[in-house]
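We number each residue from 1, following the sequence as shown.
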Amino acid sequence: MAFDLKTILGRVAAAVIFLAPSLAAQAQVAAGPGTWSGNQTWAADTVNGGNLTGYFYWPASQPTVAGKRALVLVLHGCTQTAAGDVIDKSADHGFNWKAMGDRYGAVILAPNATGNVYGNHCWDYAAASHNRTAGHDAILLDLVRRFVADPQYAIDPNQVYVAGLSSGGGESMVLGCMAPDIFAGIGINAGPPPGTTTAQIGYVPWGYDASTASSNCKTLAGGNAGKFASQIASVVWGTADYTVAQAYGPMDAAAMRGVYGGTFTQGASVAVPTGGSSIPYTDGNGKLRTTEITVSGMAHAWPAGGGGQNGHYVDATTINYPSFVMDFWFKNNLRVASTPAPAMTSCSASVSGSSVTIAGAATDAAGAVSSYRVLLHGSTAVDDAQAGSGAGFSKQYAHLGNGYYIGSVTASDNGTGLTSGACNLAQFLIGPVPAIQPPTGLAVAAASSSSISLSWNSVNGASGYNVYRNGARVTAPALASTTYTDTGLSAATSYSYQASAIDSAALESALSAAVSGTTKAAWSCSANFASNYAHVLAGRAHDSGGFAFANGSNQNMGLDNVFYTTMLAQTSAGYYVIGSCP
């Protein structure tokens, strides 16, 4: 945050600086950029062709359960794409998952179906042979493993979920059945159950019932069937869905109860705003295991709720299913303690002479806050892990050295072992304004897919410089030069930077004005203009019925011969679209 020096000089000595809770800079787990990533390229699909591409959302907010993030895999339906229908766009919020990522501090994955399964870019829920080593099942499980294994995302393996629409709903059920050891919860939206064919989408075949689906599900699980004991499932469908048989909805839920085992009690129907009703089922231990939601008047669509896309099989006029299913998963997860960490509600710094009084307040669902921790960075460092306890605290720190300070407050519950996200204190000043000035001319000099290089003007009297990314210092010790390259960043992601100067007495200046930098996409687009026949020969397109179709996007390019020519742009590995690079 940049300070106006005249304002600082004119303020009273006892100025009170207050900042509402911020969870981004010095949180218990790394804060993400809070934006959808650019188009990513993940694993190769040797069965259906091409590479798995898509997007992920890494929130700046902190996780709400067990101090680690949940991971949600979201699968689009046939004819849909992650970019066109699932993720947030300028016009709408797509499937409306970003808001849930922010609310629960969860990472959201939105991949595109590889190949051109069933001629409509579907997920291969109806495959004759499902397994963990090939096809859509394998590349999706690989995608989940990539994120769970990467420590920067802080994913809790006990909080991994999957949900999808239509073929994505069927594939969600397949994954939940095949890998109950990986998925703690599933969300099936108008998804045909395992063992049905694409020809049976609109009707339940004779002799197929919930016990058939349950048996198929257990077969998919194999040796992991024991993990069904701690899995939960939600199913949703519309009362005007005439694409996927509505009878599959309650059948899916009954099939999951069948694999979970034991006896179940049906609860009273509960209204779901707006236009939905949910029937809960509890097991013999009184645990809620499945919910069956019917959405009045909804056709074949993903119920995104207000703000979501309203078209192309997404309905923004009915219930907000992401909100419902996340609440269901988080409240009823059987693999992790559901007690949330304490939450900071306020923090402030009040300066008087060479002293500052830090105050803070927090809520704690498990009881009372056991301890508050105060961190101050400046000419006099403070790390006080016992600043107070209870609903709030206030503590004075005296005889601080002159200069600017930044800091944060966190709250911990010793009983649960959980710590809140950080409430960041605005930068404050002890004593007179340092003679050292903040750097000017901070600018992004270059960017790659994983780094951003910065430069700034030198400051008279400076012995070094610090750089801050999204409010958190990333340089230690201070830099001697006026350049810095920030590495290990996510592709196609924006970051905010500020810089400060350090004088010979180790006093730090105010922070400079902020600049924004964005990393490049992991893939560099290239375009080729050639005949459709040449595109097919080169592997950029494929022939179907005498017509050429672009690999990945499956756009119709016209007749497959040397007389029809097309410009094809490769926007990611194995993915081509008609036209030039953006």
Side-chain angles (χ1 to χ4, degrees), residues 65-66 68-73 75 109 125 127 129-149 155-164 169-188 191 193-196 208-235 250-266 280-292 325-326 328-339:
V65 173
K68 297 195 76 176
R69 297 195 184 282
L71 181 69
V72 182
L73 176 64
L75 305 179
L109 302 179
Y125 76 93
S129 177
H130 288 284
N131 62 80
R132 293 192 183 216
T133 60
H136 284 171
D137 306 325
I139 58 173
L140 290 172
L141 292 176
D142 175 76
L143 176 60
V144 169
R145 291 190 194 99
R146 286 169 185 254
F147 277 79
V148 172
I155 304 297
D156 183 353
N158 291 317
Q159 296 185 66
V160 177
Y161 309 103
V162 59
E171 181 65 16
S172 294
M173 188 169 181
V174 165
L175 291 174
C177 290
M178 175 183 293
D181 53 315
I182 294 175
F183 297 102
I186 57 178
I188 308 167
T196 57
Y208 191 104
D209 56 18
S211 63
T212 312
S214 182
S215 176
N216 292 341
C217 186
K218 290 178 182 178
T219 299
L220 289 174
N224 293 301
K227 291 294 185 178
F228 284 132
S230 58
Q231 190 187 71
I232 57 179
S234 171
V235 181
M251 182 183 294
D252 291 345
M256 298 315 298
R257 289 193 295 274
V259 297
Y260 296 161
T263 59
F264 288 84
T265 301
Q266 179 180 327
Y281 284 79
T282 54
D283 64 15
N285 296 317
K287 302 293 185 181
L288 181 58
R289 301 297 299 278
T290 70
T291 62
E292 301 176 9
V325 76
M326 286 286 272
F328 166 68
W329 286 335
F330 273 70
K331 286 182 177 178
N332 301 287
N333 187 311
L334 297 175
R335 301 180 182 181
V336 65
S338 59
T339 302

**Message:** Atom NZ of residue position K68 - does it have more than 12 heavy atoms of other residues, nucleotides or ligands inside 6.0 Å?
**Reply:**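 For K68, atom NZ is crowded (more than 12 foreign heavy atoms under 6.0 Å).
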Heavy-atom closest pair, residues [X] and [Y]:
{"X": "S230", "Y": "R335", "result": "OG-NE, 2.9 Å"}
{"X": "F228", "Y": "C217", "result": "CZ-SG, 3.8 Å"}
{"X": "S234", "Y": "T291", "result": "OG-OG1, 3.1 Å"}
{"X": "G176", "Y": "I186", "result": "CA-CG2, 3.7 Å"}
{"X": "S172", "Y": "L75", "result": "OG-CD1, 3.9 Å"}
{"X": "S214", "Y": "A255", "result": "OG-O, 3.4 Å"}

Are the side chain of [X] and the backbone N or O of [Y] linked by a donor-acceptor pair below 3.5 Å?
{"X": "T290", "Y": "A253", "result": "no"}
{"X": "R289", "Y": "M256", "result": "no"}
{"X": "S215", "Y": "S211", "result": "no"}
{"X": "Q231", "Y": "F183", "result": "yes"}
{"X": "N224", "Y": "D181", "result": "no"}
{"X": "H136", "Y": "H130", "result": "no"}
{"X": "N131", "Y": "T133", "result": "yes"}
{"X": "N333", "Y": "N158", "result": "yes"}

**Asked** Do L288 and I232 pass the side chain to side chain contact (heavy atoms under 4.5 Å, CB included) test, and can you show the C-alpha distance, the side-chain angles, and the key distance before you say yes or no?
**Response** CA-CA 8 Å; L288 181 58; I232 57 179; over 6 Å; no
**Message:** When you compare the side chains of N216 and T219, does any donor N or O come within less than 3.5 Å of an acceptor on the partner?
**Reply:** no
Distance, nearest 0.5 Å, that separates [atom1] of [X] from [atom2] of [Y]:
{"X": "L140", "Y": "L73", "atom1": "CG", "atom2": "CG", "result": "5.5 Å"}
{"X": "W329", "Y": "M326", "atom1": "CH2", "atom2": "CE", "result": "7.0 Å"}
{"X": "K287", "Y": "L334", "atom1": "NZ", "atom2": "CG", "result": "6.5 Å"}

**Beyond-backbone contact of C177 with V259, side-chain heavy atoms, under 4.5 angstrom** =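 A side-chain contact is absent here, since even the closest heavy-atom pair is not under 4.5 Å.
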**Message:** Within the structure provided, determine whether V144 and V162 are in side-chain contact (heavy-atom separation under 4.5 Å).
**Reply:** no
**Prompt:** Going through the distances and angles, do R132 and I182 end up as a side chain to side chain contact (heavy atoms under 4.5 Å, CB included)?
**Reply:** CA-CA 12 Å; R132 293 192 183 216; I182 294 175; 3.8 Å; yes
**Message:** Please determine whether side chain to side chain contact (heavy atoms under 4.5 Å, CB included) holds for the pair E171 and V174, giving the CA-CA distance in whole Å, both sets of side-chain angles, and the decisive distance to 0.1 Å.
**Reply:** CA-CA 5 Å; E171 181 65 16; V174 165; 4.2 Å; yes
**Request:** Just do the side chain to side chain contact (heavy atoms under 4.5 Å, CB included) check on F328 and Y161 with the steps written out, would you?
**Result:** CA-CA 11 Å; F328 166 68; Y161 309 103; over 6 Å; no
